Amino acid sequence: MSKTRFTLSRRQFLLGSAAVGGSYLLPGLRNAVWAAGSDAPEKSNIRVGFIPLTDCAPVVMASVKGFDKKYGLTLQPSKEASWAAVRDKLTAGELDAAHALYGMIYGLQLGIAGPQHEMANLMTLNNNGQAITLANQLKDQKVTDAASLQKLIASQAKGSFTFAHTFPTSTHAMWLYYWLANAGIDPFEDVRTVVVPPPQMVMNMKMGNMSGFCVGEPWNQRAISDNIGFTATTTQQIWPDHPEKILATRAAWVQENPNTARALTAAVLEAARWIDASDANRKETAQVLAGRAWINTKVETLEGRMLGQYENGLGQRWQDAHGMRFFRDGEVSFPWISDGMWFLTQMKRWGMVQTAPDYAAVARQINRIDIYKQAASAVGGISVPAGEMRSSTLFDGKVWDGSNPAAYADSFALKRR
């Protein structure tokens, strides 16, 4: 969990924002962005891509509840079929911004998730709320966790079991690899991995195309409801309060539309705060998201895990202390530099990059703390952290705080060479 102290003083925030503004703002933006009459959005109609997942909620509710209008925008959420489609439309300029995978944006910046593009992360949309689902056929073979899975995999020829994630550099790939490797399963040698769009996960498992998958909600709960699979672990059990989806765009788009970027971030940030304000708001969000235009599923498939009410398909039920979070006094929303750096360490661990990147420099280039702070000020009453790093302890006991990323990336016994 984060150990970073937050400051709630608006006056302190404004003073601090002014002090750091010169180091973060784009050339020419510092003097223009707050000038009288010059802060209107450059674009009023904004096309924002999303994948039908529970964590698209802040983008959807910013439009549904009218937070966009408050900041001079009309959001046009665009339902996309796959993360590859989001990537292609975002980089081609067909989308202004998108509900996006953290690792996809970093992969694009490095040129390993498609043609290289300079990218921008405006804010984090949520923490937690993903899971690894195993097929019920494994349960029938006495597999209920990573340790029993490792024994079964070791007894078969390499590559006998297939696991799915959502994109080669996705958060889901990283959670799956981390969980498998912790149990002694090499995700590149011992099993086969494939990419499947989130809405197609359950059907593919039903057809027998994979033994397990890592994806966002509601598709893990859907597998349980359809009696197809069970939750072997939630991702918050791997890393409590981990970063997940982000509000992403191209760096060039921010350069061209700095006021729009601020207004968009403010609208989505206010929506995130509204969702987290009460269980009633979360239930209303679930009602909206269940509709055909968004996720197109039963409300009960969404609502339970949105409220932190979990079942695993093995007879266990619990109230999760680290359920899906969208705001949490701004701690979720802030684009922590250390969060971005963590994904870079895993890309290095798994051989996606051959040489160690400048971890902090890359993260500071992508994670637009300057835009976020302007948006937080525009919304008002948003806590901002005193620093840009946070400390977390993952389920294997490793502490991640961004202080020595090269050593962290090299510290894993199981990695790809």
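The analysis underlying the following values was restricted to heavy atoms, covering all of them including side chains, and did not include hydrogens, waters or symmetry mates. Here the structure is a predicted model, which means the values were calculated and not measured.
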Open item on the list: Is there a side-chain contact between Phe163 and Arg192 in this structure, where contact means two heavy atoms from C-beta onward sitting under 4.5 Å apart?
Closed with: no
Task: Reported NZ-to-CZ distance for the pair Lys415 and Phe412, which is rounded to 0.5 angstrom - done: 9.0 Å
Task: Check: Arg390/Ser338 side-chain N/O donor and acceptor closer than 3.5 Å - done: no
Open item on the list: Would you say Asn367 and Tyr106 are linked by a side-chain donor-acceptor pair, where the criterion is simply a distance under 3.5 Å?
Closed with: yes
Task: Polar contact flag, side-chain donor to acceptor under 3.5 angstrom, Trp179-Gln237 - done: no
Task: 4.5 Å side-chain heavy-atom contact, Pro197 and Thr166 - done: no
Task: Spacing of CD1 belonging to Ile295 relative to OG1 belonging to Thr54, to within rounding of 0.5 Å - done: 4.5 Å
TODO: For a side chain to side chain contact (heavy atoms under 4.5 Å, CB included) with Ser211, tell me which candidate from Thr133, Leu138, Thr162 qualifies.
DONE: Leu138
Open item on the list: Ring of Tyr178, cation from Arg349 - is the NZ or CZ under 6.0 Å from the centre and inside 45° of the axis?
Closed with: yes
- [ ] Please check if any side-chain donor atom of His117 sits under 3.5 Å from a side-chain acceptor atom of Gln109, or the reverse.
- [x] no
Task: Modelled atom types, side-chain donor and acceptor of Glu80 and Ser78, under 3.5 Å - done: yes
TODO: For Asn220 and Glu217, test the side chains for any donor-to-acceptor distance below 3.5 angstrom and give the result as yes or no.
DONE: yes
Open item on the list: Tell me if the aromatic rings of His165 and Trp83 count as close, with their centers under 6.0 Å from one another.
Closed with: no
TODO: May I ask you to test the Thr285-Phe326 pair for a side-chain heavy-atom distance under 4.5 Å?
DONE: no
- [ ] Before accepting this row, confirm whether a basic side-chain N of the pair Arg368/Asp370 lies closer than 4.0 Å to the acidic partner's carboxylate O.
- [x] yes
Open item on the list: Distance check, rounded to the nearest 0.5 Å: Arg328 atom CZ versus His322 atom NE2?
Closed with: 7.5 Å
Task: salt bridge (charged side-chain N to carboxylate O under 4.0 Å, His left out) between Arg282 and Glu303, worked out - done: CA-CA 8 Å; Arg282 284 177 173 257; Glu303 187 175 277; over 6 Å; no
TODO: Please check if atom NZ in Lys206 has more than 12 non-hydrogen atoms from other residues, nucleotides or ligands closer than 6.0 Å.
DONE: no
Task: Greater than 12 external heavy atoms within 6.0 Å of Lys283's NZ - done: no
Task: Heavy-atom side-chain proximity of Met104 to Lys245 below 4.5 angstrom - done: no
TODO: Classify the angle between the aromatic ring planes of Tyr408 and Trp400 as parallel (below 30°), tilted (30 to 60°) or perpendicular (above 60°).
DONE: tilted
- [ ] Look at the aromatic rings of Phe50 and Trp294 and report parallel, tilted or perpendicular, splitting at 30° and 60°.
- [x] tilted
TODO: Kindly state whether the ring of Phe334 and the ring of Tyr372 have centres lying under 6.0 angstrom apart.
DONE: yes
TODO: Look at Asp96 together with Lys43 and state whether they make a salt bridge at an N to O cut-off of under 4.0 Å.
DONE: yes
Open item on the list: Salt bridge or not between Glu388 and Arg364? Use side-chain N to carboxylate O under 4.0 Å.
Closed with: yes
TODO: Starting at OG1 of Thr249, measure out to CG of Leu90 and round the result to the nearest 0.5 Å.
DONE: 5.5 Å
TODO: Taking atom NZ of Lys298 as the centre, report whether more than 12 heavy atoms of other residues, nucleotides or ligands fall under 6.0 Å from it.
DONE: no
Open item on the list: Exactly one of Arg317, Arg305, Gln221, Gln236 should register a side-chain hydrogen bond (donor to acceptor under 3.5 Å, both in side chains) with Tyr310. Which one does?
Closed with: Gln236
Open item on the list: Strictly distance-based, threshold 3.5 Å: is any side-chain N or O of Asn121 a donor or acceptor partner for the main-chain N or O of Met123?
Closed with: yes
TODO: Take the angle between the ring planes of His242 and Trp239 and call it parallel below 30°, perpendicular above 60°, tilted in between.
DONE: tilted
- [ ] Would you please say whether a donor-acceptor pair under 3.5 Å links the side chains of Lys398 and Ser411?
- [x] yes
